[in-house]
J.: 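Encoded as structure tokens, here's the structure I'll be asking about.
All values below were derived from every heavy atom in this structure, side-chain atoms included, with hydrogens, water molecules and symmetry-related copies excluded.
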Amino acid sequence: MSPVDFVKGQLRFRCHDGVLTERLVQTPAAYGLGRVPNSTKPDATVDSVCGYCATGCSLKVHLTEGSAVNLSANSNYPVNLGMACPKGWEALAPLAASDRATTPLLRGDDGKLAPVTWGAAMDAFCGRFKDVQSAHGAGSVAFLSTGQIVTEEMAYLGALAKFGMGVLHGDGNTRQCMATAATAYKQSFGYDAPPYTYQDFEESDVLIFVGANPCIAHPIMWQRVMRNQRNPEIIVVDPRKTETAMAATKHLPLKPKSDLALFYGLAAHIVSLGLVDRAYIDAHTNDYDAFAAFLSDYNLETAAEATGLEVYELDALAHMIASGKRVSFWWTMGVNQSYEGTRLAQSMINLALMTGNMGKPGTGANSITGQCNAMGSRLFSNTTGLLGGRNFESESDRQDVADILDIPVDSIPAEQSLSYHEIIDAIDRGEIKGLWLVATNTAHSWINQKRFRKVREKLDFLVVQDMYHTTESAEIADLVLPAAGWGEKDGVFINSERRIGRTRKVRKAPGQALSDFNIFRLIAHHWGCAELFKDWDSPEAVFRILTRLSKGMPCDITGIEGYADLDALGGIQWPCVSTPELRDEHGEMQIEQQRRLFEDGQYYHQDGRAKFLFEAPRPMPEPANEEYPLILLTGRGTSSQWHTQTRTEKSDVLRKLYPKNPYVEINRIDASEQGITPNSTVTISSRRGSVEATAVLLASVQRGQVFMPMHYGVTNHLTADAFDPYSKQPSYKACAVKISIS
Ligand SMILES: Nc1nc2c(c(=O)[nH]1)N[C@H]1C(S)=C(S)[C@@H](COP(=O)(O)OP(=O)(O)OC[C@H]3O[C@@H](n4cnc5c(=O)[nH]c(N)nc54)[C@H](O)[C@@H]3O)O[C@H]1N2
Ligand SMILES: Nc1nc2c(c(=O)[nH]1)N[C@H]1C(S)=C(S)[C@@H](COP(=O)(O)OP(=O)(O)OC[C@H]3O[C@@H](n4cnc5c(=O)[nH]c(N)nc54)[C@H](O)[C@@H]3O)O[C@H]1N2
Ligand code: SF4
Ligand SMILES: [Mo]
């Protein structure tokens with residue numbers, strides 16, 4: 001089962017059990033990338049944060065006559081220390097693709113999308129959406145945004161839609177991704193605040209990865225783990241033996257969705273051993289006694305029963321958590337994308353609190369973020385929370401925002417937005433008739449596609465704002481607005497460790513494509529609400545407005561005066577409060593490059609304490625049964641594929657590093673019992689539909705389970721729309737399916 005590496009041409013591959021993945025440590029030479037041909041020797045370089053994942057690596061972009069010709073990994077940035085993954089190395093390739101949207105496209109009477117001018121596109125956008133609003137009310141137009149545009153654009157979109165256009169409901173694709181972590185932190189800590197800094201990967205003695213596959217999804221974070229000199233225990237809790245599980249010191253292949261029972265059992269055992277940190281609990285938390293009482297129903301046996309793991313393994317893990325010097329929990333989508341994700345995230349937060357593993361180097365209950373700017377969207381997208389982590393329902397919050405932005409307070413809606421799936425439900429009920437998608441490909445990534453496609457038919461007008469006119473969503477739009485992508489515009493991203501970093505325009509967008517920022521300005525003008533945004537005339541001007549909006553909030557960044565500060569320091573983590581001590585006599589910032597939260601044990605609830613939250617585990621919404629005997633897991637396939645593949649499929653190099661066609665990983669014994677042979681075509685069916693994929697037979701998936709990457713459109717034709725009741729995040733990771741030979 002150990003991986004095999006081999007080199008083919010200039011490419012170095014890693015092969016896991018018959019499946020090609022790619023090498024994780026990158027040097028330009030290993031890939032034949034990052035080499036600048038002599039003819040295009042750069043005359044300048046600029047640093048820009050990568051536009052894919054939330055690691056937030058800095059790339060050094062090589063310029064000739066002001067335009068990007070190549071790039072390399074920045075060795076002088078505290079995040080990636082000279083490393084980048086294949087997507088980063090190939091970040092420029094998708095910009096040159098032939099299917100870039102270069103003019104607005106409007107669906108004509110013949111039912112076809114045809115090029116129109118920006119003027120005609122604006123007439124259609126404003127005319128059609130205003131018609132919908134006058135017929136069905138202001139709330140009948142909604143938007144769905146993203147974690148992949150710069151923070152300044154996100155804020156502009158949210159402010160334009162909600163304050164300028166009277167739109168009541170808008171959410172982001174971060175609902176699919178980070179809503180659970182955000183909700184869990186808010187409830188436990190009083191604010192959505194991932195506490196860690198990447199240095200913690202290197203300073204921990206016990207790292208517990210839960211439902212996270214950083215080897216594939218966050219390869220450079222994984223490299224940071226590999227730099228840890230403390231000989232750490234690395235525990236991976238995942239039903240599959242992932243690339244990360246293979247590289248760990250211990251893999252716990254639990255049954256899908258049994259994590260909550262696992263962590264309650266571990267917590268109960270730690271209590272029974274008397275290994276809790278009572279001093280920390282008493283000084284910094286609330287509701288521990290109720291939690292301890294709740295735990296009386298749990299123990300290692302109940303955990304072993306639920307998870308299928310052995311009591312002795314769990315006992316060892318409980319001792320490691322309770323006695324390890326520096327213990328850290330790291331979770332990603334195996335936790336967040338669950339019908340009980342919020343309580344599950346909090347079950348790890350509880351363990352960290354009760355063992356005093358918070359606020360110290362190498363500790364923490366740490367959610368790893370997904371997209372390059374998911375963290376920006378959590379603070380500033382103005383979707384389900386008011387700008388800066390405020391609440392729409394709070395009169396004083398609305399007044400604060402109105403004062404800072406100098407806009408009438410009654411232009412700010414007093415109600416909370418519907419979340420993503422509630423917006424889809426409202427379309428289904430005929431209450432929302434206009435939808436605007438910005439930088440997200442709902443017609444591939446959203447759960448239960450068959451339903452989404454049906455619901456789409458109920459919309460009077462669908463606008464898709466994207467870099468490409470070929471995405472599944474653009475193809476079913478009434479109007480396509482051509483957008484510039486990463487590398488074609490300026491702004492900031494906020495990475496997983498709360499680091500605000502700059503990304504830059506290093507190329508001109510093709511044809512008439514405009515940055516999202518300029519599209520929003522154009523819409524404000526045509527809609528007739530430009531007056532509200534008179535000061536929002538450049539990304540940096542908006543960044544300064546955002547710093548004002550952060551004042552007094554936990555994410556306070558009033559100390560950052562402009563982009564130059566971010567350049568000078570290699571990005572800056574929030575908070576960064578303006579104080580007299582922040583700068584020396586030359587005006588230079590005196591601030592640590594790596595900062596974690598809660599070092600003083602002060603949380604953001606009014607009384608400064610964190611809260612224990614817990615609830616009994618519930619059964620899986622769609623368990624396997626006789627007709628559908630297998631549990632389908634979904635997630636990331638390789639580090640060369642990004643989501644719905646609109647960008648990564650445009651690179652010749654990346655395309656060589658992943659399978660072209662959809663595939664399903666099946667346990668070898670299950671397959672042989674059904675007569676399924678390697679690489680044959682099989683039909684996978686759920687209660688919602690049937691799709692075909694190539695069978696890949698592995699021992700790394702357990703019996704009774706199969707795995708399909710989300711990168712192929714077919715996967716979400718199978719998934720079942722179940723949601724966490726608190727975070728409203730979809731439970732993408734488990735539904736019941738059957739497989740037959742095609
Ligand atoms: N089954 C299953 N489904 C899943 C998941 C899973 O694990 N399993 N994961 C979920 C998660 S965590 C996520 S985050 C979502 C991701 O789902 P999506 O957000 O839908 O996926 P992307 O392919 O990243 O879509 C981004 C779109 O924005 C466009 N774009 C890129 N940059 C820009 C820009 O600067 N401006 C504009 N206007 N457009 C731009 C791209 O071309 C692309 O069409 O998928 C979710 N879906
Ligand atoms: N190459 C690449 N990198 C990416 C992305 C990408 O598309 N491609 N997307 C980015 C984004 S937006 C995100 S959100 C992250 C996602 O990053 P990850 O969450 O690390 O990736 P996933 O593969 O979606 O899910 C992680 C693991 O959860 C496991 N899992 C499924 N069910 C359960 C369960 O019940 N319990 C436990 N413990 N584990 C379970 C799956 O087997 C899977 O290995 O990656 C980011 N990085
Ligand atoms: S790890 Fe993430 S941020 Fe770093 S180069 Fe790869 S995709 Fe970009
Ligand atoms: Mo995500």
J.: Which residue is it: H218, E243, R636? I am looking for the one with a side chain to side chain donor-acceptor pair (under 3.5 Å) to N213.
T.: E243
J.: If only atom types and distance count, is the side chain of K87 paired as donor or acceptor with the main-chain N or O of S639 below 3.5 Å?
T.: yes
J.: Yes or no on side-chain contact (heavy atoms from CB on, under 4.5 Å) for E497 and Q594, after CA distance, side-chain angles and deciding distance?
T.: CA-CA 9 Å; E497 49 162 7; Q594 303 272 348; 3.9 Å; yes
J.: Any idea how W330 and Y196 line up, ring-wise: parallel (<30°), tilted (30 to 60°), or perpendicular (>60°)?
T.: perpendicular
J.: Grab the two heavy atoms, one from E649 and one from R655, that are nearest each other, plus how far apart they are.
T.: O-NH1, 2.7 Å
J.: Do Q148 and M154 pass the side-chain contact (heavy atoms from CB on, under 4.5 Å) test, and can you show the C-alpha distance, the side-chain angles, and the key distance before you say yes or no?
T.: CA-CA 9 Å; Q148 293 176 64; M154 269 171 194; over 6 Å; no
J.: Not counting sequence neighbours, which residues clear salt bridge (charged side-chain N to carboxylate O under 4.0 Å, His left out) with E472? List them please.
T.: none
J.: For a 4.5 angstrom cut-off between non-hydrogen side-chain atoms, does Q641 reach R647?
T.: no
J.: Which heavy atom of T644 sits nearest a heavy atom of S445, and at what distance?
T.: CG2-CB, 3.9 Å
J.: Within this structure, what is the CD1-CZ distance for the pair I557 and R498, rounded to the nearest 0.5 Å?
T.: 12.5 Å
J.: Once you round to the nearest 0.5 Å, how far does CD1 of I494 lie from CG of L379?
T.: 5.0 Å
J.: Just by distance, no angles: are the side chains of T174 and S377 close enough, under 3.5 Å, to form a donor-acceptor pair?
T.: yes
J.: Quick one: pull up CG in L514 and CZ in F520 and give me the separation to the nearest 0.5 Å.
T.: 11.0 Å
J.: Pick from R595, Q593, R224, R227: which one makes a side chain to side chain contact (heavy atoms under 4.5 Å, CB included) with Q199?
T.: R224
J.: Are any side-chain N or O atoms of T634 and backbone N or O atoms of M708, one a donor and one an acceptor, separated by less than 3.5 Å?
T.: no
J.: Between H62 (side chain) and T45 (backbone), is there a donor-acceptor pair under 3.5 Å?
T.: no
J.: Of all heavy-atom pairs between P239 and Q705, which one has the smallest distance, and what is that distance?
T.: CB-OE1, 3.4 Å
J.: Which residue is it: W642, W486, F493? I am looking for the one with a ring pair (Phe, Tyr, Trp, His ring centres under 6.0 Å) to Y52.
T.: W642
J.: Verify, without hydrogens or angle tests, whether T719 (side chain) and Y732 (backbone) share a donor-acceptor contact under 3.5 angstrom.
T.: no
J.: What I'd like to find out is whether the side chain of I519 reaches to under 4.5 Å of the side chain of Q465, using heavy atoms alone.
T.: yes
J.: Among side-chain atoms of W331 and N336, is any donor-acceptor pair under 3.5 angstrom?
T.: yes
J.: Show the nearest heavy-atom pair for residues V492 and N373, with the distance to one decimal.
T.: O-ND2, 3.7 Å
J.: For residues T442 and S473, report the shortest heavy-atom separation together with the two atoms involved.
T.: N-OG, 3.1 Å
J.: Is it the case that the side chain of Q729 and the backbone of Q176 share a donor-acceptor pair, with hydrogens and angles ignored and the cut-off at 3.5 Å?
T.: yes
J.: State, yes or no, whether a side-chain contact exists between L633 and P256 at a heavy-atom distance under 4.5 Å.
T.: yes
J.: Checking Q645 side chain against H711 main chain: does a donor-acceptor pair fall under 3.5 Å?
T.: no
J.: Please examine the side chains of L95 and M467, heavy atoms only from C-beta on, and report whether any two atoms are closer than 4.5 Å.
T.: yes
J.: Can you tell if the side chain of R240 reaches within under 4.5 Å of the side chain of S700, non-hydrogen atoms only?
T.: no
J.: Is a side-chain donor or acceptor of T55 paired with a backbone partner of C57 at a separation under 3.5 angstrom?
T.: no
J.: For the atom pair OG1 (T715) and CD1 (I447), what is the distance rounded to the nearest 0.5 Å?
T.: 11.5 Å
J.: When rounded to the nearest 0.5 angstrom, what is the spacing between CH2 in W89 and CG in L654?
T.: 13.0 Å
J.: Would you call E488 and R507 a salt bridge, taking side-chain N to carboxylate O under 4.0 Å as the test?
T.: no
J.: Given the rule in the side-chain contact (heavy atoms from CB on, under 4.5 Å) test, do V79 and V49 qualify, once you have shown the distances and angles that lead to the verdict?
T.: CA-CA 10 Å; V79 168; V49 171; over 6 Å; no
J.: Without swapping roles, check the side chain of N716 against the backbone of Q449 for a donor-acceptor pair under 3.5 Å.
T.: no
J.: Rounded to the nearest 0.5 Å, how far apart are CD1 of I666 and CG of L697?
T.: 6.0 Å
J.: Salt bridge check: are D238 and K733 linked by an N-O gap of less than 4.0 Å?
T.: no
J.: When you compare the side chain of Y198 with that of N495, does any pair of heavy atoms fall below 4.5 Å?
T.: yes
J.: Check whether any side-chain N or O of H469 sits under 3.5 Å from a backbone N or O of T103 as a donor-acceptor pair, and report yes or no.
T.: no
J.: Do the side chains of D490 and R504 get close enough for a salt bridge, i.e. N-O under 4.0 angstrom?
T.: no
J.: List the steps and the verdict of side-chain contact (heavy atoms from CB on, under 4.5 Å) for T151 and F543.
T.: CA-CA 8 Å; T151 318; F543 178 74; over 6 Å; no
J.: So, applying side chain to side chain contact (heavy atoms under 4.5 Å, CB included) with L437, which one of N173, T146, L144, T471 is it?
T.: L144
J.: Taking A179's backbone N and O only, do any of them form a donor-acceptor pair with T183's side chain (distance below 3.5 Å, no angle check)?
T.: yes
J.: Determine whether S58 and N80 make a side-chain contact, defined as any pair of heavy atoms from C-beta on separated by less than 4.5 Å.
T.: yes
J.: Any heavy-atom pair between the side chains of Q223 and L81 that's under 4.5 Å?
T.: no
J.: Identify the heavy atoms of S367 and M178 that sit nearest to each other, and give their distance.
T.: OG-CE, 3.4 Å
